[in-house]
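In what follows, every chain begins at residue 1, and chains take the letters A, B, ... in the order their sequences are listed.
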Amino acid sequence: MSEKILLIDGHSILNRAFYGLPDLTNSEGKHTGAVYGFLNIMFRILEEEKPDYLTVAFDLHEPTFRHKLYDAYKGTRKGMPPELVEQVPLMREMLTAMGIKTVSMPGYEADDLLGTLARKSEQKGMEVTILSGDRDLLQLATDKVMIRLPKTSKGKTTIENFHTAEVLEKYQVTPPQIIELKALMGDSSDNIPGIPGVGEKTATKIIAQFGSIENAHEHLEEIKPNKAKESMREHYDLAVLSKTLATINTESPLEYSYEEARLGNLYTQQAYELCRRLEFKNLLGRFDAEAVPENTIEQNFFVCSELSGVEALFEKAARNSMAGIALIADKNNVYGLGIALEKEEVYYIPAEGLLSGEYLCEKLRKLGEATVISAMDIKMLLKHVESLEPERVFDLGIGAYLLNPLKSSYTYEDIAREYIGGISIPSREELLGKDTYEKAWEKSSENLGICACYQAFTAYAAREKTEAELKETGMWQVYTDIELPLVFTLDSMEKCGICVKGEELKAYGERLSVRIRELEKLIYEKAGEEFNINSPKQLGVILFEKMGISGGRKTKTGYSTAADILEKLAPEQPVVNDILEYRQLTKLKSTYADGLGAVIEEDGRIHSTFNQTITATGRISSTEPNLQNIPVRMELGRLIRKVFVPEDGCVFLDADYSQIELRVLAHMSGDEKLIQAYREAEDIHRLTASQVFHVPYDEVTDLQRRNAKAVNFGIVYGISSFGLSQDLSITRKEAAEYIEKYFETYPSIKVFLDRMVDEGKEKGYVSTMFGRRRPIPELKSGNFMQRSFGERVAMNSPIQGTAADIIKIAMNRVYERMLREGLQSRLVLQVHDELLIETKKDEVEAVSRILEEEMKGAARLAVELEIDMHQGESWYEAK
DNA sequence: ACGTTCACG
DNA sequence: ACGTACGTGAACGTT
């Protein structure tokens, strides 16, 4: 069996990965997507081919001979975007760390080196594989040299393979004749001009007939299409030049040692470190345990499992000014406790025997009275430990979130790396795999204790820098005055939950089922067959192919069947209306009727989780279930709110801010006209319409008001004429005119939005009134789409974020004041601009006053904050 | 695991 | 020429 060598066209694959993948960055903002993509495809090929040798070839940056030739002829090469340029050294560093041979040479392109190595290896009797994104390399294919070209179609990467036979089949010419083809048809991606007027078809015909451009030129008169003949006559020099450009030099004087290229262990310590630094988390799993470096912190973890020792430990902890705490627990059970008293003094106490979970939590409660408890997630701690105080806790998760709200999760190992001088420690996933704490506990995994210790260590050691950075960035106030108190407010809401009438929910679901079955029958009849209506793929085929509705593709995977598309395409098709109704009802059934029913707990209530570290703008999110997207716009869906009821002796009080975002905009922009508008008018959209369209307030038509309202929304979202045109079903030109008129009416708003974008570009982030930041790396992107997105985000985030800050402040004040006044009413829900309070009947007046005062008084703006408040026997009634 | 759709602000 | 409104989460089908 002959040996195998894999040759990779470095820049070409990196380039492909860069454009094929979204612009990944690690938490420091370093661009890493191309490197990641490169590694993925490389690993895939390595697993398939299992070569003995591996080499990656790179171009050097100086112009090569072949390009000089062309540059002299015309123009220059296209530059790479800086996001890609900065990844080239990173890529080489990674390959070096993996012990992979890389080659490059002044005056030669990667192509030339690949060609040279391919020929040389073939002569040695090896099987050669070249991985590249460049079809130019097909000229190198033989029976022993396979060219592999990755292709992305429909979001999936497939690889096309070419030996001589496949080249012949696909291009009707031999691999060396690929050069001749290119000489005629050119290649814009390689800056090969070719000759004008000759494309793929003609070029193939000519080369198939004559074999080479020289021969074709000799038989000029025989060239078939007249156009090609004349072009050849006139531009033969271009063809010759193109041929030179397209020819890969297979005899470059490259010094090369096969031994250096022999494939060894890629999973080295250095590679591990680098993957960690770049945050290629799912590559880390590939590394063997030996490659995982020794821990860079001094290991001093102690297991403490005797009562006397634990008592002593807590006494010692109480004398400390701070303790790092990792309570290993889920919602219901406590499995153990990690405590860090010093960086080098970390303990683990498994919860068993006398040292029960309850015992440990009681100890923690006491400790919390004496010292500051620093932990990754204080709200989780509050589920098990009563009566901690904001003054004596530090929430690292929230600190890390404020410092960078863009991350999808806040794990202790990331926080350790960022806020404890770049150290790397094993993650929970590395220690426990995908096991939950409960599973690891059952397995009596020793790693559970280690995990607890690392987490406690992090909670202890990362506090200082996290706190310092919050202060440096001006976010300390946001942390102490808004987020930290909110932990307690949300904890109370979660514990309280909201009462849901399970029986009625079930009955509602059954009513839906009846109609759903009717609709199914109707749809199958009209379609002439049974199929899965919930499958966009099958539905697309039925509608657009079988029923012949015209309209185009939209998505990568097929036809779009989204409601707005269907409505536009075939409003008169009765089946379309059935499908839309079917969709609506199945959504209500599965997500709400069934979904909510499944999460009602024994107390008859739903205890959603309110997450404080998810959104980029500072809003809260709600999960398991999401209570922030319960239907309201359509009556049928809105009925679900009837099953959300107050407990006996209570009513619901619901208060929502009136257009808080627009009011925030009025304040932040200082636009006098908008501020004035709010001072005089009941109906801001009507007044906007009157000012924008220059008609008296009382003569504004419904259409004008609707348009003005859409523009008001659009402004808040970071307006674009396209978005507005979609929303209003008008042309972009009309939309642009509306926007222009709007900005003429409220000039300071335009100034403000422009300022946000400029500020975002200059600083890399934008801020709310209270100092909360949102980084916007997209603003620096070379990609128009991404950059435009960044611009809209820069306009929207300060507004949405400030509104989020305000309602958080209001929530805290409402919560604290109800406690302080000894009321028994409870805050149960927040839906971005709305608070729902389960109010004791004799406290209605007091709570109304509190809501009114605290919500309106949460911030002093240039316009009043107004609220709408209602009372009811269900959420439906109270809204 | 990912994309599509759709519910909310 | 590109192909978008901002921010979420859940269910489902497809890979």
Asker: Under 4.0 Å, heavy atoms only, any strand: does A/G718 hit a base, just the sugar-phosphate, or nothing?
Answerer: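 Nothing: the residue A/G718, judged by heavy atoms under 4.0 Å, touches no strand.
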Asker: Round to the nearest Å and state the distance from A/I715 atom CD1 to C/dT4 atom P.
Answerer: 21 Å
Asker: According to a strict under-4.0 Å criterion, is A/R633 in side-chain N/O contact with OP1 or OP2 of B/dC8?
Answerer: yes
Asker: Rounded to whole angstrom units, what separation is found between the CG atom of A/D833 and the P atom of C/dG7?
Answerer: 17 Å
Asker: Rounded to whole Å, how long is the line connecting atom CG of A/L580 with atom C1' of B/dC6?
Answerer: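 Between C1' of B/dC6 and CG of A/L580: 12 Å.
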Asker: What nucleic acid atoms does A/A804 come within less than 4.0 Å of, heavy atoms only: base, sugar-phosphate, or nothing?
Answerer: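 It contacts nothing in the nucleic acid.
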Asker: Nucleotides 10-13 of chain C: which of its N/O atoms have a protein N/O under 3.5 Å away?
Answerer:
from, atom 1, to, atom 2, distance (Å)
C/dA10, OP1, A/E624, N, 2.9
C/dA11, O3', A/S590, OG, 3.4
C/dG13, OP1, A/N532, ND2, 3.1
C/dG13, O3', A/S535, OG, 3.2

Asker: Would you please confirm or rule out a distance under 4.0 Å between OP1 or OP2 of C/dG9 and any side-chain N or O of A/S621?
Answerer: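 Indeed, a polar side-chain atom of A/S621 lies that close.
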Asker: Going by side chain to side chain contact (heavy atoms under 4.5 Å, CB included), name the residues that satisfy it together with A/T591, two or more places apart in sequence or in a different chain.
Answerer: A/K587
Asker: Could you check whether A/I799 gets within reach of a base, just the sugar-phosphate, or nothing at all, counting any heavy atom under 4.0 Å?
Answerer: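 Nothing, no nucleic acid heavy atom in range.
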Asker: Might you confirm whether atom NZ of A/K856 has over 12 heavy atoms from other residues, nucleotides or ligands at distances under 6.0 Å?
Answerer: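 More than 12 within 6.0 Å, yes.
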Asker: Does A/E838 have any salt bridge (charged side-chain N to carboxylate O under 4.0 Å, His left out) partners at least two apart in sequence or in another chain, and if so, which?
Answerer: A/R605
Asker: Donor-acceptor check, side chain of A/E494 to backbone of A/F610, threshold 3.5 angstrom: yes or no?
Answerer: yes
Asker: Would A/T489 and A/N812 count as having a side-chain donor-acceptor pair, cut-off 3.5 Å?
Answerer: yes
Asker: How far, in whole Å, is C/dC2 from B/dC6 if one measures between their C1' atoms?
Answerer: 27 Å
Asker: Heavy atoms under 4.0 Å, any strand shown: does A/R638 hit a base, just sugar-phosphate, or nothing?
Answerer: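 Counting heavy atoms under 4.0 Å across all strands, no contact is made by A/R638.
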Asker: Over how many whole Å does the gap from A/L512 atom CG to B/dC6 atom C1' extend?
Answerer: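 It works out to 15 Å between those atoms.
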Asker: Taking CZ from A/R619 and P from C/dG9, how many angstroms apart are they, rounded to a whole number?
Answerer: 11 Å
Asker: Under 4.0 Å, heavy atoms only, any strand: does A/Q800 hit a base, just the sugar-phosphate, or nothing?
Answerer: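 Contact class for A/Q800: base.
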Asker: Checking all strands, does A/A803 fall into the base, sugar-phosphate, or nothing category for heavy-atom contacts under 4.0 angstrom?
Answerer: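 Nothing, no nucleic acid heavy atom in range.
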Asker: May I ask you to list the residues of residues 788-798 of chain A, by number, that have any heavy atom positioned under 4.0 Å from an atom of DNA chain C?
Answerer: A/F789, A/R792, A/V793, A/N796
Asker: With sequence neighbours excluded, tell me which residues meet salt bridge (charged side-chain N to carboxylate O under 4.0 Å, His left out) with A/D330.
Answerer: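 In terms of salt bridge (charged side-chain N to carboxylate O under 4.0 Å, His left out), with neighbours along the sequence ignored, A/D330 is linked to no residue.
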Asker: Expressed in angstrom and rounded to an integer, what is the separation of A/D564 atom CG from B/dT4 atom C1'?
Answerer: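 So the CG-C1' distance, A/D564 to B/dT4, works out to 12 Å.
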Asker: Round to a whole Å and report the spacing from CD1 of A/I630 to C1' of B/dC6.
Answerer: 13 Å
Asker: Going by atom types alone, do A/T768 and A/D805 pair a side-chain donor with an acceptor below 3.5 Å?
Answerer: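 Yes, because at least one side-chain N or O of A/T768 sits under 3.5 Å from a partner of the opposite role on A/D805.
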Asker: Does anything in residues 609-630 of chain A pair up under salt bridge (Lys or Arg N to Asp or Glu O under 4.0 Å), and if so which pairs, sequence neighbours excluded?
Answerer: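 Non-adjacent pairs meeting salt bridge (Lys or Arg N to Asp or Glu O under 4.0 Å): A/R619-A/E661.
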Asker: Using whole Å, report how far OH of A/Y401 lies from C1' of C/dG7.
Answerer: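 It works out to 11 Å between those atoms.
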Asker: Find the runs of at least 3 consecutive base pairs, i with j, i+1 with j-1 and so on, that include DNA chain C, using Watson-Crick or G-U wobble geometry with both distances under 3.5 Å.
Answerer: B:1-9 with C:6-14
Asker: Can you list the residues that meet the ring-ring contact (aromatic ring centres under 6.0 Å, His included) rule with A/F644, with sequence neighbours excluded?
Answerer: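 So A/F644 forms a ring-ring contact (aromatic ring centres under 6.0 Å, His included) with A/W875.
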Asker: Salt bridge (Lys or Arg N to Asp or Glu O under 4.0 Å): which pairs involve residues 724-736 of chain A, sequence neighbours left out?
Answerer: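 Found none.
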Asker: Listed by chain and number, what are the salt bridge (charged side-chain N to carboxylate O under 4.0 Å, His left out) partners of A/R515, not counting sequence neighbours?
Answerer: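 Result, salt bridge (charged side-chain N to carboxylate O under 4.0 Å, His left out) vs A/R515: A/E518, A/E581.
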Asker: For residues 631-641 of chain A, which residue pairs qualify under salt bridge (Lys or Arg N to Asp or Glu O under 4.0 Å), counting only residues two or more places apart or in two chains?
Answerer: none
Asker: Mind checking A/A710 for me? I need base, sugar-phosphate or nothing, with any heavy atom below 4.0 Å counting as a touch.
Answerer: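 Base contact.
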Asker: Going by the rule salt bridge (charged side-chain N to carboxylate O under 4.0 Å, His left out), which residues pair with A/K546 if we only count those two or more places apart in sequence or in a different chain?
Answerer: A/E529
Asker: For the side chain of A/I719, starting at C-beta, report the closest nucleotide among C/dG7, C/dA5, C/dC2.
Answerer: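 Closest of the options to the side chain of A/I719: C/dA5.
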Asker: Closest to the A/I614 side chain: C/dT8, B/dC8, B/dC6?
Answerer: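 So the nucleotide nearest the side chain must be C/dT8.
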